[in-house]
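For this chain, numbers begin at 1 and follow the sequence in order. What you see is a predicted model, and the numbers here were worked out from it, not measured in a lab.
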Amino acid sequence: MTAETFSMALSFVVLAVVFWCFVKEWVAAEIVALAGMCALLAFGILGEDDLKVVFGNPAPLTIGAMFVLSEALIRTGAIDWLAHKFEAWAGTSPRRVIVVLAVIVMPLSAFLNNTPVVVIFLPVLLAFCRSSGFKPSKLLIPLSFLSILGGTMTLIGTSTNLLVAGVAVDSGQPAFGIFEVSSLGVVYAIIGFSYLYFFGGKLLPDRDTLSSLVDTEDTRRFLSAAEILRDSPLSGQRLITHPLFSDRKRTIVYEVVRRGHRVDDVPLDALVIEEGDVLWFRATTNQLSEIRATDGISLLHERLQAGAANGDNKESDGDEVNAKVERKIEVTTVEAIIGRVSSMIGRTIRESNLRRRYGVVVAAVHRNGEKIDDGYQDVRLAFGDTLLIEGPAQNLARMQREEDFLALNENKLQAPRKSKALTAVVILSAVVVCSALEVMAISTAALSGAVVVILTRCVDLRDAYRSIEWSILFLIYGMLGIGRALEITGGAEFIAMQVVGLMKDFGPVAILAAIYMLASVLTEFVTNNAVAILLTPVVISIAGTLGVDPRPFIVAVMFGASASFITPIGYQTNTYVYGAGGYRFGDFLKIGIPLNLILWAAAVYLIPKFWPL
């Protein structure tokens, strides 16, 4: 075996291990990709000059700048205005709702990263469903699919398009214009919308979300506190076994204060009640009445009010916490999705200890379309899990600032900078116009726009940094390194030769169909960015071997890698709506497979028309 053959074989081994780890999800995808690139560096397959090529690719820089531009529109309330017009425009007809959703979401996704578009519209749609009686399961998959379809309408609508275009330029191909793919993208959007309009209502499930699966009788819940009195019959009993506190659907204890200090060293389900304990809990008005009527326990806010009426201002030792209970505090309930970069991924609710950190409790967990009741405190959380979290509004707001969760209830933590909304829109428009007229490259225009929105205070520097999905950028750089290894070792050319050898008798159109289908299938199980990076140099080599223009094959990779409709894990917008809509894996298969096949047939027919072979 020659050194060149060994290097190629080793590159394939690294690629296979990386793909396997992607599918198994043992480690974060970006770490796997970077580890694969580092392995190739360690073996000497990649060198310093190759790293310069990888990090010199403008596509990741452009994607990062587009994240900042998207954040500017969010922070200024420009997108919120459209989102809140949705309810006024949607009416009561299911089909009209889909039309209005498409009219708003698809154009937004054509110029913004579609993930924040979906993040903004999730709570809006859920609020609309609560007020109108619609089931979220009828609307959330269409939200995700329409955002994906809208992203195909321009070069900047999705990171996949930008990556494919960037790799193609590195391989010596002419640069793509911002609207070069719009002809096919608009057809895609029309086909996808028509499919959802005519068949979505029949194929989508009629299913409840997490909050509707929880008992809703006597729904007003309050945070209150009660003291265990001297000689109380509750003293000496385990908290979790007493009828007042054993049913999570009725009363949830947040914390116990003992001798002026919060009890943190003993789990609540193992704690034994003692005289003088102060229990903080959530309960409905009916349940408060039951507690009030129970011997040996006294609602603290009533005792304090009675003491104030009698002129008794004396506080017992350690009652700094108790003195704050002057009235019942209403508890807020929010649904929240575990985010992609959440620190809670891989940890249990018990290990996360939200009660101690934020003064909130998790009432239920939703996963794969089912509510987890038994042992939910010990379930290891994953990206996309939906939690029902309860607590005082200020505690929930503090928790949300940590960005471990995507809140599904409309709960603004920052007031929008409405005076800057027009500025943000003008800046994004300038980026698009400059790119379209080729005044400057897309990467230059996007980076300049990102700097300007920061300088004009449309978005703070801190928020700009936080808006960038660094995990996606690290994944891209890692996969660019692996793709570079396949290119310099001849691996991409080897794959191209094998494909052409197997399919040369069927002609270029059949090969184009196979390329699209391969990209579409792979992106359901492996991140679409990785698929785009790896397939682009391969299809360029295939076109060279066939002696045809590589442009149609490059476009096939763009659209095939974006066509993620079959699984909830292929695209992160699908993962977000998966838990929020109460979906099951099979729901995506049922509605996604026909759509994928229809779009595949359209692409095979139309790509050679728009980009002749």
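- When all heavy atoms of Val531 and Ala561 are compared, the closest pair comes out as CG1-CB, 4.4 Å.
- Residues in residues 194-205 take part in no side chain to side chain donor-acceptor pair (under 3.5 Å) pair, two or more places apart or across chains.
- Summarising the geometry of Leu140 relative to Val577, their closest heavy-atom pair is O-CG1, 3.4 Å, with the distance given to 0.1 Å.
- Side chains of Ser471 and Glu30: a donor-acceptor N/O pair is absent below 3.5 angstrom, by distance only.
- Of the possible polar contacts, one joining the Thr158 side chain to the Thr160 backbone as a donor-acceptor pair under 3.5 Å is found.
- With sequence neighbours excluded, the residues satisfying side chain to side chain donor-acceptor pair (under 3.5 Å) with Asn574 are Ser144.
- For Trp89, the CH2 atom counts as densely surrounded, since its 6.0 Å shell holds more than 12 non-hydrogen atoms of other residues, nucleotides or ligands.
- For the side chain to side chain contact (heavy atoms under 4.5 Å, CB included) test, residues two or more places apart in sequence or in another chain that qualify with Leu447 are Leu61.
- Legend: residues meeting side chain to side chain donor-acceptor pair (under 3.5 Å) with Ser435, ordered by chain and number and at least two apart, are absent.
- What you find for Lys590 and Leu203 is that their closest heavy atoms are CD-O, 3.6 Å.
- Donor-acceptor pairing under 3.5 Å is lacking for the side chains of Asn114 and Thr573.
- Side-chain atoms of Ser520 never come within 3.5 Å of backbone atoms of Tyr516 as a donor-acceptor pair (strictly under, hydrogens ignored).
- In this structure, Ile156 and Met66 approach most closely via the heavy-atom pair CD1-CE, 3.9 Å.
- Residue pairs meeting the ring-ring contact (aromatic ring centres under 6.0 Å, His included) criterion with at least one partner in residues 528-562, sequence neighbours excluded, are Tyr188-Phe559.
- With sequence neighbours excluded, the residues forming a side chain to side chain contact (heavy atoms under 4.5 Å, CB included) with Glu180 are Phe176, Arg551, Trp611, listed by chain and number.
- Here CG of Leu522 is found 11.5 Å from OG of Ser564. Values are rounded to the nearest 0.5 Å.
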